[in-house]
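Order of listing sets the numbers, starting from 1, for every ligand and every atom in it. Model, not experiment: these values are computed from the prediction. In what follows, residues are counted from 1 in the order of the sequence shown.
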Amino acid sequence: MQKIVSLCKRRGFVYPSSEIYGGFSAIYDLGPYGVEIANAIKNIWWREMVQLRNDIVGLDAAIFMHPKVWEASGHVTDFADPLAECKSCHTRWRVDHLLESAGIFADEKMSEKEINKIFEKGKKKIKCPNCGKNNFTSVRKFNLLVKSNLGNFTEDWTKEPVYLRGETCQGIYVDYKNILDSTRVQIPFGIAQIGKAFRNEITARQFIFRTREFEQMEMQYFVHPGNELKEYDKLRKLRWNFYLNLGINKNNLKWHKHENLVFYAKEAYDIEYNFPFGFSELEGIHARGDYDLSQHAKCSGKDLFYTDPRTGEKYVPHIIESSVGVGRIMFALLCDAYAEEKVKGETRIVLKLPKQVAPIKIAIFPLLANKPELIKKAREIFDNLKTNYMCEYDGSGNIGKRYRRQDEIGTPYCVTVDFDTLKDKAVTVRDRDSMKQERIKVADLKEYFENKF
Ligand code: GAP
């Protein structure tokens with residue numbers, strides 16, 4: 001974990017937010033290479049979810065929504081995690097996590113009373129992971145919604161807050177009717193969205209795994225009630241294959257079935273990834289019944305029924321969802337890719353990222369940094385390739401250092417212009433993983449890379 005966190009900072013993938021002011025807990029910025037991976041993940045997801053499907057449409061709902069949305073969804077009352085504070089060092093902890101580490105099962109969905117009972121019984125066994133003392137407060141449920149005074153100009157705005165969205169899918173539910181009325185979708189159909197979500201997470205000490213601001217990719221699929229579980233099984237397969245096609249090692253993935261379902265859910269599974277702290281949730285796939293639309297119909301007073309144009313049958317569609325954080329996929333990809341290899345007695349750090357998500361696809365160098373004729377040719381090749389690929393031109397330091405730097409950011413290919421290039425019109429292309437080098441004619445480079453990518 002430490003090695004990945006340090007590489008991310010050192011090489012410009014992820015920075016702590018506002019670092020010159022000491023950082024801002026559980027918030028991170030994506031650096032130049034991080035934003036490239038995140039964009040690649042989002043593009044691959046969008047292509048598969050929207051572009052290649054004629055039954056799924058996209059949406060970009062606003063982050064701020066009417067506060068009643070969050071009352072209807074149950075977030076204002078129930079979107080809460082159990083919190084206890086260590087009275088010695090004042091660190092706050094999620095009680096279900098503390099209990100889990102002591103081998104005691106507790107669910108974050110349990111009531112305050114239930115979880116207090118379990119914690120009282122089990123807390124003798126639990127030490128504060130920060131200071132090692134055993135001196136906790138009792139448990140209180142802490143609501144995770146982040147509040148704002150947007151549009152409220154009074155002093156006591158906290159009494160009537162608006163919320164930053166805690167999940168993106170609520171925007172999908174409340175726009176479901178608009179989409180039905182303005183497009184040609186028919187059940188079964190889906191709505192996909194990528195956007196920021198915010199949660200006042202109690203413990204956020206696992207790098208970009210759990211942050212207070214994060215980006216979700218969610219797809220909600222609206223189905224006939226009788227087809228919910230059949231469609232759910234299809235969605236589970238689709239999502240599992242997404243990770244295999246992305247290039248994640250199958251052995252680092254597994255299914256986790258939720259045993260304690262919320263009352264309206266039909267089925268819930270997570271796809272877990274083997275993060276440095278063990279298998280943990282990467283994505284949630286849930287069969288949610290008609291809960292979401294029924295709640296919004298009840299609270300808004302609007303008719304959210306669907307009428308089948310062929311049979312005339314009227315019903316509230318059931319929803320199955322796929323929900324994942326961009327940061328979690330990025331973290332999983334980085335963990336999967338990180339490797340240290342011994343090369344000629346030295347350690348080479350290399351990110352063996354799948355080519356499709358590598359932030360830089362091709363790096364181009366002049367062999368020597370002070371030879372104008374080599375620089376000119378390398379620049380020419382860079383200008384030619386950059387129209388099709390994210391490329392980087394690097395003319396500083398020695399060639400060995402440049403290779404090492406590109407290995408560390410996961411660049412699949414490096415192209416070097418040397419003195420022979422001026423005579424034979426060919427360059428050396430070096431492969432990141434095999435480190436093999438081959439001579440390729442400059443005129444053939446575009447075709448060569450077309451085949452490689
Ligand atoms: N609409 C359903 C929903 O939001 P969730 O299990 O709370 O379900 C879904 O979240 C996914 O969003 C998670 O599997 C994870 O990938 C991502 N996620 C949730 N909370 C997160 C956080 N604090 N930081 C980063 N990603 C998070």
Side-chain angles (χ1 to χ4, degrees), residues 14 17 25-28 30 34 38 41-42 45 59 61 65 69-70 73-75 78-81 94 96-97 107-109 142-146 163-174 190-221 235-236 239-240 242-243 246 248 253-258 260-262 264-265 267-273 275 277 279-289 291-293 295-296 319-335:
V14 181
S17 159
S25 182
I27 310 272
Y28 290 91
L30 296 181
I41 294 168
K42 289 188 274 185
W45 187 89
L59 177 73
M65 306 173 78
V69 168
W70 303 103
S73 66
H75 282 74
D78 296 329
F79 191 47
D81 281 343
R94 249 181 79 170
D96 51 326
H97 290 172
D107 199 309
E108 82 265 22
K109 289 180 216 88
F142 180 78
N143 193 289
L144 305 186
L145 280 179
V146 178
Y163 303 97
L164 279 83
R165 63 183 173 201
E167 56 179 11
T168 54
C169 59
Q170 294 302 326
I172 295 181
Y173 305 145
V174 300
I191 305 174
Q193 176 168 221
I194 301 177
K196 290 270 177 143
F198 302 83
R199 296 182 188 181
N200 248 333
E201 297 284 359
I202 299 167
T203 46
R205 301 182 182 89
Q206 290 157 317
F207 191 41
I208 53 171
F209 177 80
R210 197 185 306 283
T211 52
R212 295 192 174 128
E213 174 180 334
F214 57 99
E215 202 160 23
Q216 275 189 321
M217 304 193 287
E218 297 201 295
M219 196 281 290
Q220 310 289 312
Y221 203 65
L235 183 62
R236 275 185 54 200
R239 296 306 301 152
W240 180 262
F242 173 84
Y243 292 106
L246 199 57
I248 291 187
L253 293 169
K254 74 173 188 194
W255 285 107
H256 166 76
K257 181 175 165 52
H258 286 224
N260 290 307
L261 294 176
V262 279
Y264 52 81
E267 204 60 283
Y269 276 83
D270 295 336
I271 295 178
E272 293 190 335
Y273 178 79
F275 290 101
F277 37 83
F279 274 98
S280 305
E281 178 178 341
L282 177 59
E283 149 157 5
I285 302 157
H286 313 126
R288 302 179 55 88
Y291 176 77
D292 306 290
L293 289 184
Q295 278 296 107
H296 285 303
I319 291 176
I320 56 175
E321 78 168 346
S322 148
S323 173
V324 62
V326 177
R328 275 202 198 171
I329 299 186
M330 182 166 145
F331 192 17
L333 283 165
L334 290 167
C335 295

Open item on the list: Which option wins on minimum heavy-atom distance to atom 5 (P) of ligand 1: Arg288, Gln170, Arg199, Glu218?
Closed with: Arg199
Open item on the list: Heavy-atom pairs closer than 4.0 Å: do any link ligand 1 to the side chain of Leu282, the backbone, both, or neither?
Closed with: backbone
- [ ] Establish, yes or no, whether the cationic atom of Arg328 lies under 6.0 Å from the six-membered ring centre of Phe209 and within 45° of the ring axis.
- [x] yes
Task: Protein contact to atom 18 (N) of ligand 1 [nearest heavy atom, distance to 0.1 Å] - done: Phe214 CE1, 3.6 Å
Open item on the list: If you define the side chain from C-beta out and look only at heavy atoms, does anything of Tyr273 sit under 4.5 Å from Leu253?
Closed with: yes
Task: Min N/O separation Gln216 to ligand 1 under 3.5 Å - done: yes
Task: Sub-6.0 Å ring centroid separation between Tyr28 and Phe207 - done: yes
- [ ] May I ask you to decide if the ring planes of Tyr264 and Tyr291 are parallel, tilted or perpendicular, using 30° and 60° as cut-offs?
- [x] parallel
Open item on the list: Show the atoms of ligand 1 that are less than 4.0 angstrom away from any heavy atom in Glu167.
Closed with: 1 (N), 2 (C), 3 (C), 4 (O)
Task: For Glu201, the ligand 1 atoms whose distance to one of its heavy atoms is below 4.0 Å - done: 20 (N), 22 (C), 23 (N)
Open item on the list: I need the atoms of ligand 1 closer than 4.0 Å to a non-hydrogen atom of Glu283, numbered in the order shown.
Closed with: 14 (O)
Task: Part of Cys169 with heavy atoms under 4.0 Å of ligand 1, whether side chain, backbone, both or neither - done: side chain
Open item on the list: Could you check whether any side-chain heavy atom of Ile329 comes within less than 4.5 Å of a side-chain heavy atom of Phe242, counting everything from C-beta outward?
Closed with: yes
- [ ] Consider every N or O of Thr211 and every N or O of ligand 1, then say whether any pair is closer than 3.5 Å.
- [x] yes
Open item on the list: Just to be sure I read this right, does ligand 1 sit under 4.0 Å from the backbone of Arg212, its side chain, both, or neither, counting only heavy atoms?
Closed with: neither
TODO: Sequence neighbours left out, what passes ring pair (Phe, Tyr, Trp, His ring centres under 6.0 Å) with Tyr269? Give chain and number order.
DONE: Trp255
Open item on the list: Regarding ligand 1, does Gln220 bring an N or O atom to under 3.5 Å of one of the ligand's N or O atoms?
Closed with: no
Open item on the list: Counting non-hydrogen protein atoms only, what is the nearest one to atom 9 (C) of ligand 1? Give residue, atom name and distance.
Closed with: Ser323 OG, 2.9 Å
TODO: May I ask you to identify the nearest protein heavy atom to atom 6 (O) of ligand 1, giving residue, atom name and distance to one decimal place in Å?
DONE: Glu281 OE2, 3.2 Å
TODO: Could you tell me which atoms of ligand 1, counted from 1 in the order shown, lie closer than 4.0 angstrom to a heavy atom of Phe209?
DONE: 24 (N), 25 (C), 26 (N)
Task: Arg94 and Glu201: CA distance, side-chain angles, deciding distance, side-chain contact (heavy atoms from CB on, under 4.5 Å) verdict - done: CA-CA 9 Å; Arg94 249 181 79 170; Glu201 297 284 359; 4.2 Å; yes
Task: Nitrogen or oxygen of Arg210 less than 3.5 angstrom from that of ligand 1 - done: no
Task: Stepwise side chain to side chain donor-acceptor pair (under 3.5 Å) check, Glu321 with Gln220 - done: CA-CA 4 Å; Glu321 78 168 346; Gln220 310 289 312; 2.7 Å; yes
TODO: Return yes if some donor-acceptor pair links the side-chain N/O of Gln170 with the main-chain N/O of Ser73 below 3.5 Å, else return no.
DONE: no
Task: Where ligand 1 meets Glu321 - atom numbers and elements under 4.0 angstrom, heavy-atom basis - done: 1 (N), 2 (C)
Task: Subset of ligand 1 atoms that lie under 4.0 Å from at least one heavy atom of Gly284 - done: 14 (O)
Task: Residues Glu267 and Arg236 bridged, charged N to O under 4.0 Å - done: no
TODO: Could you tell me the residue and atom name of the protein heavy atom closest to atom 17 (C) of ligand 1, and the distance to it rounded to 0.1 Å?
DONE: Gly325 N, 3.6 Å
Task: Side-chain donor or acceptor of Glu218 paired with backbone N/O of Thr168 under 3.5 Å - done: yes
Task: Shortest protein heavy-atom distance from atom 15 (C) of ligand 1, along with the residue and atom involved - done: Arg328 NH1, 3.4 Å
- [ ] Apply side chain to side chain donor-acceptor pair (under 3.5 Å) to Ser322 and Glu283, showing your working.
- [x] CA-CA 7 Å; Ser322 148; Glu283 149 157 5; 2.8 Å; yes
